[in-house]
Every structure is written in structure tokens, then in C-alpha cells.
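As C-alpha cells, the structure follows; a few thoughts come after it.
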Amino acid sequence: MAKDARETYADPDPVAEMKREGKRLRRDFGWLAVLGALLVLGGIVGLVYTGLATLTSMLLFGWLLLIGGVVGLLQAIQSRGTSYFWLAAVVAALNIAAGVVVIRHPEGSAEALTMFAALLFLTGGLFRLVGSVVVRGPQFGWTLLQGAFGLLLGLLVLFDWPESSRYVLGVFFSLALLFDGLGLIAIGVGGRRIVGMVTPPAEAPVTPPEPSDPGPSESGHDQSNN
């Protein structure tokens, strides 16, 4: 009897195991969809309040720099005596200093980053325009459109600077939240659907048929036989 119990424990029912795993996966995908909905909500709120989104994104960026610099400094201290100790220490110190500056002056940091983003749009759009005209590859029209859009966006941000620093970064941050949230919702809903398709359905309990009462013809036939 103990041997049978050990064999039953060592060889579980595969169908029941698949059902438990499917239930766990559906729950995980459900939480992923909930997280995506929260990100979408945050992105919509950020698009409505772009100034608040810009300030929030700069503070998050500053804290990430500060925490990354502290972690890097601790790793550099642990690796003292190696050839890259001073390089790691200098990079960590720069991250800590940049994080402190961004946290203490988020508006000025937003202006600097907005100027940097505008220059990136300008240079990227210009290179795409020139490259599409010179190369004239199979994606000529699409590359030309991308270059023109990047150049126009860079000029719009640059001409409205520094006023554009109040909303540009917030719009980018909110759009990133929105699209990431939509992607997570799609993954969560699609994952739950796929798991439901491959998971065995729950079997309904089998109930024994109820005995039927003999009809009047059958009871009369029995009495005639008797």
C-alpha cells in the first residue's frame, strides 16, 4: 500500500497538472493585462497634463541616474585593485552628480534635454533625407517621408524652445506609457486566450441515470403474465 502511494505521488495526473498550470498562466496573463491598463491610464493622464508628465519624467530620470550611480560606486569599491576601478568610479560619480542636478533642477534639465532631442531630430531627419536621395533604394519613399518628418519635428521643437521643453518630454513619456500599456494588454488578453485553447476543459461530473417508473402498459403486461 505504501508502494502504491509512492508511485501515485511520483506519477501525478498529467491532465490535472496541465489544468493547474493553465490556471496559473491565465492568472499571470491577467495581471499583465491589468498592468497594461494602468500604463494606458497613466499615458492618457500624461497626455492631458503634459507639464506634470514632463516634471515626473525628469524626476524619474534623475532618480534612476542617482540610484545607478550609487550601485555603480558600490561595485567599483568591491572591484578595487583591478585595472578598471578608476574608470568605474569616475562613471559612477558622474551619474550621481547628474542625478543630483536633474532632481534639484528639473526644469533646466528638461530644457537641455529638449534641445538635445531637437538636434537629434534635425540631424537624423537630414541624414535620412540626404541618404534617401543619394541611395534611392527600394524604400526610397518611406525613408524620404521619415527624414522629412524628423526634420520638421526638430524645427518645430527648436523654434518653440524653451517653451517646448514644458510639453515635449511629457508627450514622449506619455506616448511611451500608452503604447507599452497597449502592448501589455494585447499580450495578456492573447495569452489568456491561447492558454484557454490548449488547456483541457474541466470535465463535468457524471451523474447516474435515475430509474424510470414503469408505464401502465408494462405494469399491465406483468400482471397478465403473473
Side-chain angles (χ1 to χ4, degrees), residues 14-72 75 95 98-99 102-103 105-107 109-121 124-125 128 139 142-143 145-150 152-154 156-157 160 163-203:
V15 177
E17 188 68 24
M18 288 181 63
K19 291 179 182 179
R20 286 193 296 268
E21 189 67 21
K23 185 178 180 180
R24 185 185 66 81
L25 288 175
R26 282 195 297 268
R27 184 174 61 251
D28 293 342
F29 279 118
W31 282 113
L32 199 63
V34 170
L35 177 60
L38 292 177
L39 290 181
V40 168
L41 181 61
I44 294 174
V45 172
L47 289 176
V48 175
Y49 303 99
T50 54
L52 180 62
T54 299
L55 183 63
T56 303
S57 62
M58 293 310 302
L59 291 176
L60 287 176
F61 180 61
W63 279 108
L64 285 176
L65 284 176
L66 184 60
I67 294 173
V70 171
V71 173
Q75 292 180 349
N95 286 333
V102 171
I103 292 173
H105 305 284
E107 292 85 0
S109 302
E111 292 179 1
L113 285 179
T114 303
M115 173 66 74
F116 182 68
L119 293 177
L120 282 181
F121 287 138
R128 282 193 177 93
Q139 302 293 330
W142 180 248
T143 307
L145 182 62
Q146 282 182 327
F149 180 75
L152 179 62
L153 185 60
L156 289 175
V157 173
D160 198 29
E163 296 297 326
S164 59
S165 62
R166 299 180 180 178
Y167 59 86
V168 169
L169 297 179
V171 169
F172 290 162
F173 179 68
S174 302
L175 288 176
L177 288 180
L178 182 62
F179 287 114
D180 287 344
L182 291 176
L184 289 179
I185 291 175
I187 293 174
V189 174
R192 285 178 62 89
R193 186 175 301 174
I194 293 174
V195 171
M197 292 171 59
V198 300
T199 303
E203 298 179 356

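Quick note: numbers below take in every heavy atom, side chains included, and nothing from hydrogens, waters or symmetry partners. All figures in this text were calculated on a predicted structure; none of them were measured in a lab.
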Atom pair CD1 (Ile185) and CG (Asp180), whose distance is rounded to the nearest 0.5 Å: 11.0 Å
Exercise: identify the closest heavy-atom pair between Ser109 and Val102: OG-CA, 3.4 Å
Nearest-0.5 Å distance, CZ of residue Phe173 to CG of residue Leu52: 10.0 Å
Gap separating the CG atom of Leu66 from the CG atom of Leu59, nearest 0.5 angstrom: 12.0 Å
Expected output: side-chain Ser174 to main-chain Val171 donor-acceptor under 3.5 Å: no
More than 12 heavy atoms from other groups under 6.0 Å of CZ on Phe172: yes
Worked check of side-chain contact (heavy atoms from CB on, under 4.5 Å) between Trp63 and Ile103: CA-CA 7 Å; Trp63 279 108; Ile103 292 173; 3.6 Å; yes
Ala110 to Thr54 - nearest heavy-atom pair and separation: CB-CG2, 4.1 Å
Between CE on residue Met58 and CD on residue Glu111, distance to nearest 0.5 Å: 10.5 Å
Straight-line distance of Leu182 CG to Leu39 CG, nearest 0.5 Å: 9.5 Å
